[in-house]
K.L.:
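Mind having a look at this structure? Questions to follow.
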Amino acid sequence: MSKYILNALVENHAGILAKMASLFARRGFNIDSLAVGETHDPKLSSATIVVDGDAQTVDQVEKQLSKLIDVISVQTLAPEASVSRELSLIKVSCTAKNRAEITQIVDIFRANIIDISDHAVIIELTGSAMKIEAFKEMMRPYNILEMSRTGMIAMTRSLADSKKVEADNHIL
Amino acid sequence: MEMTVAEAVLRVVKEQGTDVIYGYPGAANTPIYDKINNAGLYCVLTRNEQGAAHAASSYFKMTGKVGVCTATSGPGATNLITGIANAYMDSAPLVAITGQVALCNIGKDAFQEVDTTGVTTPITKHNYLVKNAEDAVSIMREAFYIAKTGRPGPVVVDIPLDIQKEIIEFTSCEQSEIRGYNPEPELNVKQIKKLAKMLHSAKRPFVVLGGGVLGAGASDEFTAFVEKIKVPVASTLMGISGISSNHSQYLGMLGLHGTHSANNAFLNSDLIIFMGSRISDRAVSDSEATARRAKIVHIDIDPAEINKNIICDLSIVADIKKLLIKLNEYTDFVCPDTWLNECINAKNQNIKAEDSQTKLVNPKLFLKMLSDKTTPDTVISTEVGQNQIWTANHYKFLKPNTFLTSGGFGTMGYGLPAALGAKIARPELTVIAIEGDGSFQMAMPELAAMRQSGADLKIVIFKNRSLGMVHELQQEHFNSNFVSVDLGDYPHLDKIAEAYDIPYMQISTNDEIENGINALLKDGQAFILEVLVDEFESTL
């Protein structure tokens, strides 16, 4: 089992998110995250799906998604030819005593403190899933009070776009 | 031209060549019913919305036009669901128009409100909730287009009551392109050549005929192809009637309830070509072992079927009709005689006079005799269960699309309304509904729809007072612990026949079969033939 990132361009129609979610549930696909948002064209949305599975499962996810009429295109992103980011908000216990320590770690991760009180801070962190995991581990000793993640969004690198090789999906 | 949305919707139905609507009125679709007669559409009042969906699903097989059914909101829509799911599993094109509560009431748990697009999402090819009256016409055209192109399937159009009454300008313009939908894959000559090459290196090739061949209207091309390369053929349940049952190369149905000769040939083959089949678990029980043993070629219009149930060595996503025309051009392969003869001989040895130990009627013999007495264009509709498998294995289908059955979904209560839909679509044909006494009761009220619409069906009811297939399952796998499979003697079919003014006859021995069939087929009249069968009669 490994993680695959899929990008789908979909019509910005009511119910499309429900249709995608229903499809994953019905076919028994394991989805780590699903993030949908409008693109530069308000008629289109972009969905990034992180799938946990083997190559055959991902092939099925891609084909079943493509079958939805409101899904215009689907592609599985190659990690080396794409960039992906996730945003997370983490509320950590923090008092005057350990504030300096926490601030130092926040700086190392290039995260930001966006809210503060006498007993806690909220940290905003953007990055790959791996970076967020690493930061979470660093914060764990200080007591994480709350955590919220957007799920991954991703895009192919512009260099990869121009060198895109047409895969022959039919001959397997 | 200005008209209400209800009128416009019906106008699109007519424009698409469909002239019958099967359905049931209710508060939320009355504006549509109000205009049905004016639109020149014939409406059939089935006694349950489920029957309307089944009837509409057989309409396409009979006419080549998309079937249409309608129901009101809430329970009307949910009653359609089994029929829609059935059409989805068997790739039957269907447009279901459902009434919805008024737009301002959606989400308020209004009277007879259900989230129709929500509940039909997993069982439709696509669905729509019409929120703007101006979109109604283009949505309806799109619905028909999506239903019948590519891999056919059901489409639901849910229209709120207030929207149905709004006045719009009816436009006759062509529908716009749907960006995310490409139903016509391009033929890839490279793959056709690769298939030809694989055939050449095969010693024991075998072709599986699926329902997709019938869906593509490619029976003639299919028969020409297998005759050219001289390979043995088996069909899935949905593929039956795609090639004449009497064809010398045809070994019968494949799978759990298939013939010995088809299954043996399948097991001994070294190259299997699946055409328009989704390789269901009933047709191929162990797809992994199959793929290990033989080279697999999978041809289907739906890319999502490729490598779903079986990992193949070559896949071709194509319209089967276009592909077969090309294959007939490119392939010069002819299968070695020895392999074909071996399969044919095994088939001939397997055919024995269906002997049965029971004192009652042998249903297999009955179906064999029935097919001797009917004309090739007679349409046979079955229920689900033993009656279905007996028919699939013992009735001889000579022409395409003469077999209506519920394959993927296995829906009891399908056969009678499907037969009704077929008879209304093609009144000149003889349509025979083969029923079991269990499944008959699931759609029995449709006898009234049949009488009222003058669609005179020939109805055969195998009565074994039991849910035969489950009875057999309990006998073989649960130590004959028979639970809830005994139907008793009810209903008395003579009285049912009398209640609906249908001529009736009962037969109880093999000697009476001929008389029974003669009475059944006499003239064009509706008829119920009750055939008493032993509850221990085996499926195979």
Side-chain angles (χ1 to χ4, degrees), chain A residues 4 6-29 31 34 36 39-47 49 51 53-76 166-172, chain B residues 106 115-129 131-132 135 139 142-143 145-147 149-151 153 155 158 177-183 185-188 190-195 296-300 302-318:
Chain A
Y4 293 81
L6 278 77
N7 236 3
L9 193 64
V10 304
E11 297 282 357
N12 200 356
H13 287 169
I16 178 64
L17 182 59
K19 280 179 181 173
M20 286 197 285
S22 154
L23 171 72
F24 298 143
R26 184 170 93 80
R27 300 262 173 204
F29 298 140
I31 302 300
L34 167 62
V36 186
T39 64
H40 57 292
D41 178 349
K43 286 182 176 164
L44 297 177
S45 291
S46 165
I49 304 121
V51 182
D54 53 19
Q56 198 198 339
T57 311
V58 173
D59 178 58
Q60 264 297 303
V61 173
E62 199 177 316
K63 286 170 173 170
Q64 294 291 350
L65 270 177
S66 304
K67 225 171 128 169
L68 295 177
I69 308 287
D70 284 336
V71 172
I72 296 164
S73 64
V74 187
Q75 61 179 140
T76 304
E166 191 82 22
D168 189 352
N169 283 323
H170 299 310
I171 299 176
L172 292 154
Chain B
I106 288 182
D115 172 15
T116 303
T117 50
V119 293
T120 57
T121 286
I123 52 163
T124 48
K125 191 169 170 189
H126 196 46
N127 61 23
Y128 300 88
L129 170 62
K131 283 183 169 168
N132 296 306
D135 296 339
I139 284 179
E142 239 177 66
Y145 174 65
I146 290 170
T149 50
R151 178 180 183 176
V155 178
D158 194 31
E177 184 208 6
I178 308 168
R179 284 187 285 195
Y181 185 58
N182 172 27
E186 294 218 358
L187 271 188
N188 184 331
K190 250 190 343 204
Q191 290 170 316
I192 295 172
K193 286 183 176 159
K194 193 166 177 204
L195 172 58
I296 306 292
V297 178
H298 192 180
I299 301 167
D300 206 283
D302 181 359
E305 288 304 335
I306 307 299
N307 291 342
K308 185 183 88 180
N309 290 347
I310 197 164
I311 303 294
C312 59
D313 299 279
L314 171 69
S315 66
I316 304 179
V317 174

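Note that the structure is a prediction, hence the values are computed from the model and not measured. A note on names: the letters A, B, ... follow the listed sequences, proteins ahead of strands, and every chain is numbered from 1.
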K.L.:
Can any side-chain N or O of A/Lys63 pair as donor or acceptor with the backbone N or O of B/Ile306 at less than 3.5 Å?
P.N.:
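Yes: the side chain of A/Lys63 pairs with the backbone of B/Ile306.
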K.L.:
Under 3.5 Å, which donor-acceptor pairs do the side chains of residues 17-27 of chain A form with other protein atoms, sequence neighbours left out?
P.N.:
unit_1: A/Lys19; atom_1: NZ; unit_2: B/Asn127; atom_2: O; d: 3.3
unit_1: A/Lys19; atom_1: NZ; unit_2: B/Asn127; atom_2: OD1; d: 2.8

K.L.:
Taking side chain as everything from C-beta outward and backbone as N, CA, C, O, which of these in B/Ile311 sits under 4.5 Å from a heavy atom of chain A? Side chain, backbone, both or neither.
P.N.:
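For B/Ile311, the contact with chain A is made by the side chain alone.
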K.L.:
Distance check, rounded to the nearest 0.5 Å: B/Asp302 atom CG versus A/Lys67 atom NZ?
P.N.:
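Spacing of CG (B/Asp302) from NZ (A/Lys67) equals 3.5 Å.
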K.L.:
What is the minimum heavy-atom distance between A/Gln56 and B/Lys308, and which atoms define it?
P.N.:
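Looking at all heavy atoms of both residues, the shortest contact is NE2-O, 4.1 Å.
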K.L.:
Using a 4.5 angstrom heavy-atom cutoff, name the option from A/Leu44, A/Thr57, A/Leu68 with the most pairs to chain B.
P.N.:
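Maximum pair count with chain B is reached by A/Leu44.
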K.L.:
Distance from A/Glu11 atom CD to B/Tyr181 atom OH, nearest 0.5 Å?
P.N.:
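Output value for this atom pair is 14.5 Å.
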K.L.:
Compare every heavy atom of A/Ile69 with every heavy atom of B/Lys125, then report the nearest pair and how far apart it is.
P.N.:
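Nearest heavy atoms, B/Lys125 then A/Ile69: O-CG1, 3.8 Å.
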K.L.:
In Å, rounded to the nearest 0.5 Å, how long is the span from CG of B/Asn182 to CD1 of A/Ile72?
P.N.:
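Those atoms lie 13.0 Å apart.
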K.L.:
Drop me the distance from A/Gln60's CD to B/Asn309's CG, to the nearest 0.5 angstrom.
P.N.:
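Answer for the CD-CG pair, A/Gln60 versus B/Asn309, is 8.0 Å.
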K.L.:
Can you sort out the partners of A/Ser66 under side-chain hydrogen bond (donor to acceptor under 3.5 Å, both in side chains), two or more places apart, ordered by chain and number?
P.N.:
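Scan of A/Ser66 (side-chain hydrogen bond (donor to acceptor under 3.5 Å, both in side chains), adjacent residues dropped) gives none.
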